[in-house]
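These numbers were taken from a predicted model, which means no experiment stands behind them. Within every chain, numbering begins at 1; the chains are lettered A, B, ... in the order of the sequence lines, protein sequences first and strands thereafter. In what follows, every heavy atom counts, from backbone to side chain, and hydrogens, waters and symmetry copies are set aside.
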Amino acid sequence: MKKNKKAQMKMGETIAVLIVFFMILFFGIFFYANMERKSFQSRLEKMEEKKSIDVAQTISFLPELKCTAENITKTLCIDKLKLDAFKTLASERTQYYQSVFSNTMIEIAEIYPTSTSYETVYEGTTSDQYFSTFIPVSIFYPSPYPGRYGIGLLRIKYYTFK
Amino acid sequence: MRKTKKSQTEILGLAIVIVFITIGMLFVVKFMISKKPDQQRETFIRSELASNILGSMIDVNTDCRNLDLSELLKDCAESYPGGITCSGQTSCDYSEQIINTILSNFMTNLGGNRSYQFLATTQQDDLIFIEQGNCTVWESANQPLPTYVGTLELKFHMCK
């Protein structure tokens, strides 16, 4: 009888140890999974931020918009006539520009000599969350000849979906 | 006596496990607290914004004989307060007015209540100084322009 009781106690002890061990294990797995999920979300957000910078850089050096004179291109310069033509082009070739710009809205405001509010140049798929990137640019008004330079501000909204 | 020693050993084992778990948790918490959020995007935008504002300003054509701003500023430096006059203003005053308008329009479109400073200086003199709000410098840009009287430094500080 005494031996039975001893054995039962030992068994109970072992079971208790196993229960505690598995509790600690599950707690550890839960904690690790939570940390990994947060780390993954953080990496995804960083990727989205880098993507928004890539898109902003692509737009500011877009051949369809940039100023050229005698085969020389001026950096961070937008030709006004090309800009007006691009608005039509972008609405006609939506699939192509969707692949280039992803989920982006491109707006431009004239700063000098005229001051205007933001005008939409291109609008892709939008959502509630976005990163805004501002790029000051020169705007070249080719007409009347020989043309003159003004200043504009590009606002590029890169939309994220969660 | 043997039973007491056995139970003591078991409790000691349990205590060691708890100590290891606690140390592990402390390291995790310390790591999570000390990890600074990555600011790559913020840094990129900050550095590009100030220099691009300054870069786009100096090429702009003005209504003063269709000269660009850099030419007016050079004239201001070379023959202070300016040999060229437009609308009854010298090139220095005219340039200051234009720069004020441009920067004011920029800040309106960038949003928020942003402060800034603009300076045009030579080795001899400060030619133009424009300040908006109290300034804790957030990002700076410089643009040197060569003139007959030395280098004209254009400095633009965007403030917090």
Side-chain angles (χ1 to χ4, degrees), chain A residues 13 16-17 20-21 24 27-28 31-32 34-35 38-39 42-43 45-46 48-54 56-57 60 67 74-78 107-118 131-141 144 146-156 158, chain B residues 3 6-7 10 13-14 17-18 20-21 24-25 28-29 31-32 35 37-64 66-70 97-112 114 141 156 158:
Chain A
E13 218 178 87
V17 167
V20 169
F21 172 75
I24 292 172
F27 176 74
F31 189 71
Y32 177 75
N34 215 21
M35 276 188 67
K38 282 183 183 167
S39 162
S42 164
R43 269 181 276 145
E45 206 173 283
K46 267 188 229 170
E48 298 275 17
E49 285 179 5
K50 283 177 185 166
K51 179 78 179 161
S52 76
I53 295 171
D54 287 342
Q57 290 286 77
S60 56
C67 309
K74 187 171 155 63
T75 56
L76 291 172
C77 177
I78 288 175
E107 297 168 304
I108 190 161
E110 292 180 41
I111 301 292
Y112 185 86
T114 53
S115 177
T116 67
S117 54
Y118 286 104
F131 298 113
S132 274
T133 309
F134 295 95
I135 303 177
V137 291
S138 298
I139 299 179
F140 179 64
Y141 302 89
R148 56 183 291 167
Y149 286 96
I151 300 176
L153 184 64
L154 273 176
R155 180 169 69 183
I156 296 153
Y158 181 81
Chain B
K3 276 188 186 176
K6 227 178 170 181
S7 60
E10 283 202 28
L14 200 65
V17 166
I18 290 170
F20 277 132
I21 289 171
M25 295 280 282
V28 165
V29 167
F31 173 73
M32 283 170 69
K35 193 178 173 189
D38 203 354
Q39 293 187 321
Q40 279 182 358
R41 186 174 173 278
E42 183 76 17
T43 310
F44 169 77
I45 290 170
R46 212 169 72 181
S47 63
E48 293 290 300
L49 197 55
S51 63
N52 290 348
I53 286 174
L54 196 55
S56 63
M57 262 196 332
I58 56 170
D59 286 338
V60 73
N61 289 111
T62 65
D63 289 329
C64 182
N66 208 31
L67 293 169
D68 57 49
L69 197 56
S70 63
Q97 184 191 304
I98 299 289
I99 292 165
N100 232 337
T101 306
I102 290 170
L103 292 176
S104 171
N105 288 346
F106 258 127
M107 297 308 145
T108 305
N109 280 286
L110 286 170
R114 291 176 192 255
F156 176 61
M158 284 192 73

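The structure places OH of A/Y141 at 10.5 Å from CD1 of A/I78, a figure rounded to the nearest 0.5 Å. To the nearest 0.5 Å, atom CZ of residue A/F134 and atom CG of residue B/N52 are 13.5 Å apart. The structure places CD1 of B/I53 at 10.5 Å from CD1 of B/I102, a figure rounded to the nearest 0.5 Å.
Only the side chain of A/Q57 comes within contact range of chain B, judged by heavy atoms closer than 4.5 Å. Heavy-atom distances place the side chain of A/S52, and not its backbone, under 4.5 Å from chain B. In this structure, no portion of A/I139 lies under 4.5 Å from any heavy atom of chain B. In this structure, no portion of A/S60 lies under 4.5 Å from any heavy atom of chain B. Neither the backbone nor the side chain of B/L69 comes within less than 4.5 Å of any heavy atom in chain A. Both the backbone and the side chain of A/I111 come within contact range of chain B, with heavy atoms under 4.5 Å apart.
B/M107 has its side chain within reach of B/L110: a pair of non-hydrogen atoms, C-beta onward, lies under 4.5 Å apart. For the pair A/S138/A/L76, no side-chain contact is recorded, criterion being any heavy-atom separation below 4.5 Å from C-beta on.
Classified by interplanar angle (parallel below 30°, tilted 30° to 60°, perpendicular above 60°), the ring pair A/F131/A/Y158 is parallel.
Annotation: residues 57-64 of chain B contacts chain A through B/M57, B/D59, B/V60, B/N61, B/T62, B/D63 [non-hydrogen atoms, separation under 4.5 Å].
Legend: residues meeting salt bridge (Lys or Arg N to Asp or Glu O under 4.0 Å) with A/E107, ordered by chain and number and at least two apart, are A/R155.
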Chi angles and distances behind the side-chain contact (heavy atoms from CB on, under 4.5 Å) call for A/K74, A/Y149: CA-CA 11 Å; A/K74 187 171 155 63; A/Y149 286 96; 3.6 Å; yes
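With hydrogens and angles ignored, the 3.5 Å screen pairs a side-chain donor or acceptor of A/T116 with a backbone N or O of A/E110.
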